[in-house]
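Presented below is the structure to which this report refers.
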Amino acid sequence: MVSYNQDDALPVLDAVSTSVSYIFRVLKAVSSVSPNAIIQLSTDGLKVSVENSHTVQAHAFLNKTLFTSYTFNPPSRNRRRVIPSESYASTQSLQEEDDETISFSVSMKSLVNCFQIFGSEQEGTGQKSATRSYAESNEGGGMMTAFLGGSTVCKLRYDGTGSPFIVMFDEGGVTTTCDLQTSEYDDSISDILLEADAIGTKIIMKANYLNDAFRELESTDSETVKVKSTLTPPTFVLISRGELGSVEYKFTRDRNVIETFASEESVQNIYNFKLLMSASDAIKLATKISWRTDEDGVTSIQCMCDVGDGRQTFIDFRYLPIYDEYEERTQRAQTTARSQITQSTRRSGDDLFSGSDDENNLSSD
């Protein structure tokens, strides 16, 4: 345990976790989108965001429940140590402190490589770490089970603007420290948002069925994927066509597969194949999927991953569609208008799995 003097500024983030394999697989699931990431810290945990060409974004949520200890000290709390409490209270409320977030940019590739240390074969011994063995034994599970090795501890620390993001591992008395260079958050990067009042299609389904569909689609080496939602069977269709052939994967409205289906009309949209497939690793980790599309074709694929003990982690992919130049889509001419700058989003967004009267309570499985 690190101790601090009264005159020292507390670190903005000081967290400890034994769920090392867990965090690694979540980070790896979004790492293919971009080599760089934005990390947002809050009282609820960490949000790791990546984006590619303002067309696809992924947000991985590492809730504080993944950590055995999690302490978030925004700069306002450090200032409180030197400003008299009575004068501070007149300008800042405790609620405002709880809502405060801190964001910075970091190399996603370097961050994943830090955790990869515990997922690769040990040099010279041919032995695998506990994390690697865990990952391989659960390769086809579709559900993440808490890491039970117990010998690996991961510590995260961030001291504030200009400081490195420190990732430290302690395994069997051997300590490895990674200091990752950080930079200020680039607020020119916009979140891809869905129109909450204009959701045309909402589907909640078991993740293993969507995983099977993605595996079939990959066999075509296609450039695009057409997604159709229809009011009559088959309810949900994924179509890819390429030089190696074509695949049409059809889902019927079977409660064993699709637990919730809501669509105001039959719609179809086209997406970049490789970008859509970037969600594959996240889908493999998930137990359930929330697939939502608004009237402009913006799609969210949110993956709910069970941590165990009633805890969940969420990974959310957002996509802009590809429009056929010959189609009359006058309302969609300016696709960049679908992106808005949001700097305060910090919660997991598990409410995306609710909102329909006939839905199951996903957290009660």
According to a 4.5 Å side-chain heavy-atom criterion applied to Ile, Leu, Val, Met, Phe, Trp and Tyr, with indirect links allowed, do [X] and [Y] form part of one hydrophobic cluster?
{"X": "Leu285", "Y": "Tyr209", "value": "yes"}
{"X": "Val267", "Y": "Ile270", "value": "no"}
{"X": "Met168", "Y": "Val16", "value": "no"}
{"X": "Val112", "Y": "Phe317", "value": "yes"}
{"X": "Met108", "Y": "Ile166", "value": "no"}

Is the shortest side-chain heavy-atom distance between [X] and [Y] below 4.5 Å?
{"X": "Leu13", "Y": "Phe165", "answer": "yes"}
{"X": "Thr65", "Y": "Phe67", "answer": "no"}
{"X": "Arg318", "Y": "Leu194", "answer": "yes"}
{"X": "Leu10", "Y": "Thr71", "answer": "no"}
{"X": "Gln302", "Y": "Phe314", "answer": "yes"}
{"X": "Thr18", "Y": "Thr152", "answer": "no"}
{"X": "Lys155", "Y": "Asp170", "answer": "no"}
{"X": "Thr252", "Y": "Val257", "answer": "no"}

To the nearest 0.5 Å, what is the distance between [atom1] ([X]) and [atom2] ([Y])?
{"X": "Leu180", "Y": "Ser105", "atom1": "CG", "atom2": "OG", "answer": "12.5 Å"}
{"X": "Phe236", "Y": "Thr201", "atom1": "CZ", "atom2": "OG1", "answer": "8.5 Å"}
{"X": "Lys28", "Y": "Ser21", "atom1": "NZ", "atom2": "OG", "answer": "11.5 Å"}
{"X": "Arg253", "Y": "Thr230", "atom1": "CZ", "atom2": "OG1", "answer": "10.5 Å"}
{"X": "Leu210", "Y": "Ile301", "atom1": "CG", "atom2": "CD1", "answer": "6.5 Å"}
{"X": "Ile289", "Y": "Lys206", "atom1": "CD1", "atom2": "NZ", "answer": "13.0 Å"}

Testing the basics here: between [X] and [Y], what is the closest heavy-atom pair and its distance to 0.1 Å?
{"X": "Asp179", "Y": "Pro164", "result": "CB-CB, 4.2 Å"}
{"X": "Ser163", "Y": "Thr182", "result": "O-OG1, 2.6 Å"}
{"X": "Ile315", "Y": "Ala29", "result": "CD1-CB, 4.1 Å"}
{"X": "Phe273", "Y": "Glu218", "result": "CZ-CA, 3.7 Å"}
{"X": "Leu66", "Y": "Ser17", "result": "O-OG, 2.8 Å"}
{"X": "Cys114", "Y": "Phe169", "result": "O-CE1, 3.4 Å"}

Mind checking what makes side-chain hydrogen bond (donor to acceptor under 3.5 Å, both in side chains) contact with [X], not counting sequence neighbours?
{"X": "Ser278", "answer": "Tyr319"}
{"X": "Ser240", "answer": "Thr220"}
{"X": "Tyr271", "answer": "Thr299"}
{"X": "Ser49", "answer": "His59"}

Results of ring pair (Phe, Tyr, Trp, His ring centres under 6.0 Å) for Tyr249 - residues two or more places apart only:
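Ring pair (Phe, Tyr, Trp, His ring centres under 6.0 Å) list for Tyr249, sorted by chain: Phe251.
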
Hey, does the side chain of [X] reach the backbone of [Y] with a donor-acceptor pair shorter than 3.5 angstrom?
{"X": "Ser107", "Y": "Ser110", "result": "yes"}
{"X": "Asn73", "Y": "Pro11", "result": "yes"}
{"X": "Gln268", "Y": "Val227", "result": "no"}
{"X": "Asp294", "Y": "Asp296", "result": "yes"}
{"X": "Ser219", "Y": "Glu216", "result": "yes"}

Check Lys274 with Glu223, please: is the shortest side-chain N to carboxylate O separation under 4.0 Å?
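Looking at Lys274 together with Glu223, the answer is no, because their closest N to O distance does not fall below 4.0 Å.
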
Determine, for Arg157 against Asp159, whether the closest basic-nitrogen to carboxylate-oxygen distance falls under 4.0 angstrom.
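Salt bridge present between Arg157 and Asp159.
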
Between Tyr158 and Phe104 (judged by ring centroids, cut-off 6.0 Å), do the two rings come close enough to count as a pair?
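Centroid separation for Tyr158 and Phe104: below 6.0 Å.
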
For Asp316 and Ser300, which I'm curious about, is there any donor-acceptor pair between the side chains at under 3.5 Å?
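Yes, a side-chain donor-acceptor pair sits under 3.5 Å.
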
Take Leu238 and Glu248 through the side chain to side chain contact (heavy atoms under 4.5 Å, CB included) test and state the conclusion after the steps.
CA-CA 6 Å; Leu238 304 175; Glu248 293 191 14; over 6 Å; no

Show every ring pair (Phe, Tyr, Trp, His ring centres under 6.0 Å) that has at least one partner inside residues 214-234, sequence neighbours left out.
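Listed once each, the pairs would be none.
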
With side chain to side chain contact (heavy atoms under 4.5 Å, CB included) as the test, would you mind laying out the steps for Ile204 and Ile258 before giving the verdict?
CA-CA 6 Å; Ile204 294 179; Ile258 295 180; over 6 Å; no

I would like to know whether Ile239 and Lys228 meet side chain to side chain contact (heavy atoms under 4.5 Å, CB included); could you show each step before the answer?
CA-CA 8 Å; Ile239 305 172; Lys228 299 172 61 177; 3.8 Å; yes

Take Lys109 and Leu111, measure what side chain to side chain contact (heavy atoms under 4.5 Å, CB included) needs, and give me the verdict at the end.
CA-CA 5 Å; Lys109 182 178 180 180; Leu111 180 60; over 6 Å; no

